[in-house]
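What follows is a single structure, written as C-alpha cells, with notes after it.
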Amino acid sequence: MLEFLTIFLGLISGPQMVEVSVSEQVEAVELRLDGEAVARLEKPPWRARVELGDRLRPRVLEAVALVDGEEAHRVRQVLNLGVDRAQLRISLGPQRGDGSRPGRLVWFTADNVRPQRVGVELDGQPLELRSGRAFVLPPGSYGSKGSDEVHVLAAQADFPGGLVAGATRLLGGAYTDRVVTQLTALPLRLEDGAELPSAQGMGGWVQKDGEALTVAAADAPAAQIFVVRDVAGREPLAELGKAFRRSQARNLASLGEIGTVRLLDPRPEIETLEDGRRRDRYALSQRLTQGYGGLPHIVASYRPEGEDKFFMRAGTRPQRLADAVAVAGLGAAGSQGPRAVLLILGSKQVDDSVRSPEAVREYLRALDVPLRVWSVGRRGAPSPWGEAVDVSSRGRLIEAAGTLIDDVARQRVLWLEGEHFLHQLELSPRARGLRRLD
C-alpha cells in the first residue's frame, strides 16, 4: 500500500526530497518527522521537500497512508543510526538433549552486501561460528526457569563503508519464556569504588520523559576504540612507532581483555548509487588487539592493507576528518558496548568535510560516544576540535593511551527493554555509582 522510494543510507541533515509509492486506494500521505507532521501529499507526484535541520542527530521519518481519513498503513526510516542500512538478527533453535542450543545469525542490508566480519559472544566470551552464520550455545542454564541469572548473547557484523550492526538476545531468568525483540544498550561510566546491583535492583534508575524504563540486564562486554588518524600526523606517528620497535617495548598501555581497536581511513572512496546519488565509503580495519606494544604501537605503526605509503602525494583522495569522525561514531554506537572515538591530529589539518567539528561533536554526544582528541604536532595551529592531548613523545603517547584505556574499562552497559534514542534518556536521582559518558 505504501513504501519509501527515497532511502537515506548515510548521515543526513538539511533539506531533503522524500518520495513515496502508494496504491490506488490511498487518498493522502502524511510525512512525519519525530512524530510531528511536516508534509501532506494528496496527488502525484508523491514527494515533498522535508527539512531535517542543520543538526546531525538520530531522527525518525514516517509516512502514513490515509484511507477515508483514517490511518491504513505506516512505514518508517530511522535516520543517522545506520539501522535502515543494515540489520542483524539472532535466531535460536530449541534446546537439544545434551543441553546445548543451536543458533544462527541473519542479516539484511539496503544495498544487498555481505558483512566483511561477523562475531558472536555469550557473556563476553566468543563462540565459534560455522559457515559464517551458525553457532551452538554450550550446555548450561541458558534459558532455564530455575535461575534468576540473565545471560547476554551479543552479535556484531562489519559491513563495507564503516557500517557496524549489532544484535542482542537475553537468556534465562524472566527471559526464558519470552523474547524481547527491541533492546537499547545504554553505556554508562562506573564511578570509583562503585559496584552495580542486579538488574532488578536498578528499577527506576533510567527514565524517558519522566517514565521509568525496565533494566533487563547489566553487562561489561568488550570495548571498541575507533581511531581516525589525520594524514598530516602519520609521519610523526610513524617515527614514534620506530622508537617502539627499537626499544622492543611490550605491553605498554595494554588493551588486555577489555576490547579492540578499529582504524578508519579519513580519505573515503566515492560510490555512485543506482539512483545517481553519491556517497562516501570509509575503509575500516579489522579488530586489532595487543600489537607489539599495546595501544601506542597500534595507533603509531599499524597500516591497513592497501594504504598509501606516502599519504599526501598528488592524486591521493581528499581527507574528510570531521565526516570520518562522524562515521566512526556511528560504528562505535553500532557496537552496542563500551566505546570511544579517538582523533589523532597533526600540526596542520587539511579537512574537506561537509560537516563541522562542532556539529560532529554534538552528534557523538547524542550517540553517547566519547570523543578523545590527541595531537602529535608540537607546534600545531589552534585546532577547531578544541584542546588536544599532546602525544608528540613516546612517554606522552604511553600516558595518554593508558588514560584512554582506563576510561573505556570503566564503562558498563545497561540493557533497557524497548527501542529508545540515547539522547532522550536520563538517569533518575535513584541511580547510584553511574554517570553518563562525556
Side-chain angles (χ1 to χ4, degrees), residues 3-12 77-93 102-122 126-137 153-169 181-183 185 221-222 224 226-228 259-289 302-307 317 323-324 326-337 339:
E3 64 178 337
F4 279 112
L5 293 181
T6 305
I7 305 296
F8 296 106
L9 299 180
L11 298 175
I12 197 77
Q77 296 185 58
V78 179
L79 310 181
N80 298 327
L81 275 183
V83 296
D84 285 314
R85 291 176 55 192
Q87 297 183 29
L88 185 64
R89 296 286 184 267
I90 301 174
S91 175
L92 295 178
R104 186 176 180 84
L105 302 181
V106 182
W107 52 79
F108 308 90
T109 60
D111 40 7
N112 199 32
V113 297
R114 293 179 59 84
Q116 297 170 313
R117 290 171 289 274
V118 182
V120 60
E121 296 180 347
L122 178 64
L127 300 177
E128 179 184 359
L129 273 179
R130 303 171 183 173
S131 302
R133 290 178 180 261
F135 61 91
V136 176
L137 293 176
L153 180 64
Q156 183 173 309
D158 300 340
F159 294 90
L163 183 64
V164 178
T168 304
R169 287 279 300 267
T181 57
Q182 295 292 346
L183 289 167
Q224 292 194 53
F226 286 69
V227 180
V228 178
T260 55
V261 175
R262 319 291 299 278
L263 300 178
L264 189 141
D265 192 334
R267 302 163 306 147
E269 294 182 353
I270 308 301
E271 177 188 26
T272 302
L273 305 178
E274 292 182 358
D275 60 5
R277 289 182 296 160
R278 304 175 74 189
R279 69 170 175 179
D280 296 342
R281 293 178 68 93
Y282 293 86
L284 183 67
S285 76
Q286 70 266 32
R287 301 182 184 95
L288 306 171
T289 53
Y302 183 78
R303 294 285 178 262
E305 183 179 352
E307 188 175 64
R317 301 187 302 274
D323 293 343
V327 173
L330 183 63
S335 69
Q336 296 187 328
R339 68 281 195 111

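Residue numbers start at 1 and run along the sequence shown. Predicted model only: the values in this text are computed from it and were never measured.
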For the atom pair [atom1] ([X]) and [atom2] ([Y]), what is the distance rounded to the nearest 0.5 Å?
X: W107; Y: R114; atom1: CH2; atom2: CZ; value: 5.0 Å
X: R133; Y: S91; atom1: CZ; atom2: OG; value: 11.5 Å
X: Q116; Y: L284; atom1: CD; atom2: CG; value: 7.5 Å

What I'd like to find out is whether the side chain of [X] reaches to under 4.5 Å of the side chain of [Y], using heavy atoms alone.
X: T168; Y: I90; answer: no
X: V78; Y: F8; answer: no
X: F135; Y: L122; answer: no
X: V228; Y: D265; answer: no
X: N80; Y: L330; answer: no

Subject >> Closest approach of A222 to G259 (non-hydrogen atoms, all atoms of both residues) >> reply: CB-CA, 4.2 Å
Original post:
Which atoms form the tightest heavy-atom contact between P221 and G337, and what is the distance?
Top reply: CG-CA, 4.1 Å
**OP:** Determine, stepwise, if the pair E269 / D280 fulfils side chain to side chain contact (heavy atoms under 4.5 Å, CB included).
**Re:** CA-CA 6 Å; E269 294 182 353; D280 296 342; over 6 Å; no
Original post:
Quick one: does T260's side chain have a donor or acceptor within less than 3.5 Å of a partner on R287's backbone?
Top reply: no
If the condition is side chain to side chain donor-acceptor pair (under 3.5 Å), which residues does [X] pass it with, not counting sequence neighbours?
X: R281; result: E271
X: R89; result: Q87
X: Q286; result: Y302
X: R262; result: D158, Q224

Subject >> Q156 versus S335, side-chain donor and acceptor atoms under 3.5 Å >> reply: no
Subject >> Stepwise side chain to side chain contact (heavy atoms under 4.5 Å, CB included) check, V120 with L129 >> reply: CA-CA 8 Å; V120 60; L129 273 179; 3.9 Å; yes
**OP:** For atom CZ of R130, decide whether the heavy atoms of other residues, nucleotides or ligands shown that lie under 6.0 angstrom number more than 12.
**Re:** no
**OP:** Could I get the full list of side chain to side chain contact (heavy atoms under 4.5 Å, CB included) partners for A157, not counting sequence neighbours?
**Re:** L88, P115, V118, F159
Subject >> side chain to side chain contact (heavy atoms under 4.5 Å, CB included) involving V327 - partner list, sequence neighbours excluded >> reply: L11, L264, Y282
